[in-house]
Student: 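Below you will find the structure I want to go over with you.
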Number of protein chains: 2
Amino acid sequence: MPALLPEIDLDARDCQSCPIRHRAVCARCEADELEHLEQIKYYRTYEAGQPVVWAGDKLDFVASVVSGVATLSQTMEDGRTQMVGLLLPSDFLGRPGRSTASYDVTAVSNVTLCCFRRKPFEEMIRSTPHVAQRLLEMTLDELDAAREWMLVLGRKTAREKIASLLAIIARREALLNLDPGRSVTRMELPLTRESMADYLGLTIETVSRQISALRRDGVIVLEGKRTVQIPDFDRLLNETGDDMDGGVLI
Amino acid sequence: MPALLPEIDLDARDCQSCPIRHRAVCARCEADELEHLEQIKYYRTYEAGQPVVWAGDKLDFVASVVSGVATLSQTMEDGRTQMVGLLLPSDFLGRPGRSTASYDVTAVSNVTLCCFRRKPFEEMIRSTPHVAQRLLEMTLDELDAAREWMLVLGRKTAREKIASLLAIIARREALLNLDPGRSVTRMELPLTRESMADYLGLTIETVSRQISALRRDGVIVLEGKRTVQIPDFDRLLNETGDDMDGGVLI
DNA sequence: CGGCCCATTGAGGTACTTCAACCAGAGTGG
DNA sequence: CCACTCTGGTTGAAGTACCTCAATGGGCCG
């Protein structure tokens, strides 16, 4: 039995001190709107490896990820699985207007969700434009990310795929640590090799081999299996195959 | 020089008789809201093969596709390209709040757009919830479609990819023809082999070979290069690798 | 007719998968 | 304490699905 989750005080109902206050679906809310949200919200936690919900199952809340990492994935009958979303802190889970989950959701680390009961939340979308606006913005961002990922899946080599994933994680890490200018040079991978493979449409063997190759070539430095140093971020970007100077979507 | 586009009377500013009235971003609008939209809208047409806009270029309108087919695609420096969106009639083009195009947009058939100047449209999103709500719904649908496509790109075989694409086109065709129950058994492919390859992350040779294989196996019947008959739709669905009886996303 | 575009087909190469062995660390139980 | 097992990861050898390169064909247009 793992230790209890320490990070968040689950009784702290105070949105003002919430770590994802300015990035989540509630980012645009005024004080009175937050108050309304606080009435319909509650926290749930999941241990690393636990399922949050299976595709097709009833899901009568939507939620913001407060801490931890969860994945959305699809599985075919014969077991092939593809990850289709990576939920990091501040990301939104669930679809207003739909009462069942479309994808398998799994906590890959210990996860805390800030849940909103579906019906009241849908009502709020209709009544408070600030929530609807932010949700639209976040959904458009996710759509952009999904399209970026389609290029990775459809056209990049295994090596480029790995480099792309590392770059994305590093960027999000930097964003979270409010480390805007300098990109992180050391980070903890939130995903196992298997999850990385599911994300990239590869096998775990190929993931492992390409990570080893990037290490051999000095693009990354491993400390243990999960901690990665990136000595030269531009060098890593070069390996992604992306246009370097082009308008980066952060 | 191709013939002039015959389908739409460009002076017909009447939203009421618009073919995409109940599916486009304006679907939820009341009479007075439509009137407002009519003041900021104008039509543009593009010939088959013409670019609508390049990624990074200024795009000071958003639009609904009224007729024809356009594609969104991304191209890497070395020329590899991946299609990331297929815009059919009623689909929405552009992102409110962003003044430059994120992707290359190309008309693959003759296309008519119903354009809205960006600024007034953004203002309308803020002021008329019906537009914002519909846009959110459409964006969520697109996100679902993108995620479905990530499974195709990441995990399906070439044969399954082709079958999936044919099934998707057939379903959208049926939806457009208001042919809800029976799926279409004959349809015109709106895409060249090259576009199909770009969509599926394949080469045109592989596309061609797999289409030939499906024809040899009796899954499809070709009439010329672009017209496809589907004798048994369930047979085709079987070839996609998808869960047959599972909740279909129409 | 020749030229062009799109599509098909073949032959050979290669990047990734598959199958299998092996390794390191952590937990378990004698 | 050591043997054990389990999980996540690495590495090797062989197989294969798809790509690359190249030739061919059919429809359309000047």
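Everything quoted here is computed from the prediction, not taken from an experiment. Residue numbers start from 1 in every chain, and the chains themselves are labelled A, B, ... in the order their sequence lines are given, proteins ahead of strands.
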Student: What is the distance, rounded to the nearest whole Å, between atom CD1 of B:I220 and atom C1' of C:dT8?
Tutor: 14 Å

Student: Between P on D:dC19 and NZ on A:K156, what's the gap in Å once rounded to a whole number?
Tutor: 18 Å

Student: Just how far, in rounded Å, is P of D:dG8 from CG of A:L189?
Tutor: 15 Å

Student: When you measure from the side chain of B:W149 to the backbone N and O of B:D144, does any donor-acceptor pair fall under 3.5 Å?
Tutor: no

Student: What is the separation between atom CD on A:E223 and atom P on C:dG25, rounded to the nearest whole Å?
Tutor: 15 Å

Student: What is the distance, to the nearest angstrom, from the CG atom on A:L214 to the C1' atom on D:dT11?
Tutor: 16 Å

Student: Looking at CG of A:L151 and CD of B:Q74, how far apart are the two atoms once the value is rounded to the nearest 0.5 Å?
Tutor: 5.0 Å

Student: Output the single nucleotide from C:dA7, D:dC18, D:dT10 whose closest atom is nearest the side chain of B:R193.
Tutor: C:dA7

Student: Using a 4.0 Å cut-off on heavy atoms, which residues in residues 196-212 of chain A reach DNA chain C? List them by number, or say none.
Tutor: A:G201, A:L202, A:T203, A:E205, A:T206, A:R209

Student: With a 4.0 Å cut-off on N to O distance, would you call A:R172 and A:D91 a salt bridge?
Tutor: yes

Student: Pairing donors with acceptors under 3.5 angstrom, does anything connect the side chains of A:S73 and A:D104?
Tutor: no

Student: Compare every heavy atom of B:I220 with every heavy atom of B:I211, then report the nearest pair and how far apart it is.
Tutor: O-CD1, 4.0 Å

Student: Is there a donor-acceptor contact under 3.5 Å linking the side chains of A:T185 and A:Q229?
Tutor: no

Student: Between B:E188 and B:T227, does any side-chain donor sit less than 3.5 Å from a side-chain acceptor?
Tutor: yes

Student: In whole angstrom, what separates B:L222's CG from D:dG27's C1'?
Tutor: 16 Å

Student: Between A:R155 and A:K225, name the one whose nearest nucleotide on DNA chain D is closer to the 5' end.
Tutor: A:K225

Student: B:T157 side chain: which of C:dC16, D:dC18, D:dG9 is closest?
Tutor: D:dC18

Student: From CD of A:E194 over to P of D:dT10, roughly how many Å is that when rounded to an integer?
Tutor: 13 Å

Student: With a 4.0 Å cut-off on heavy atoms, is A:R226 in touch with a base, just the backbone sugar-phosphate, or nothing at all?
Tutor: sugar-phosphate

Student: Tell me what B:R80 touches on the nucleic acid: a base, only sugar-phosphate, or nothing, going by heavy atoms under 4.0 Å.
Tutor: nothing

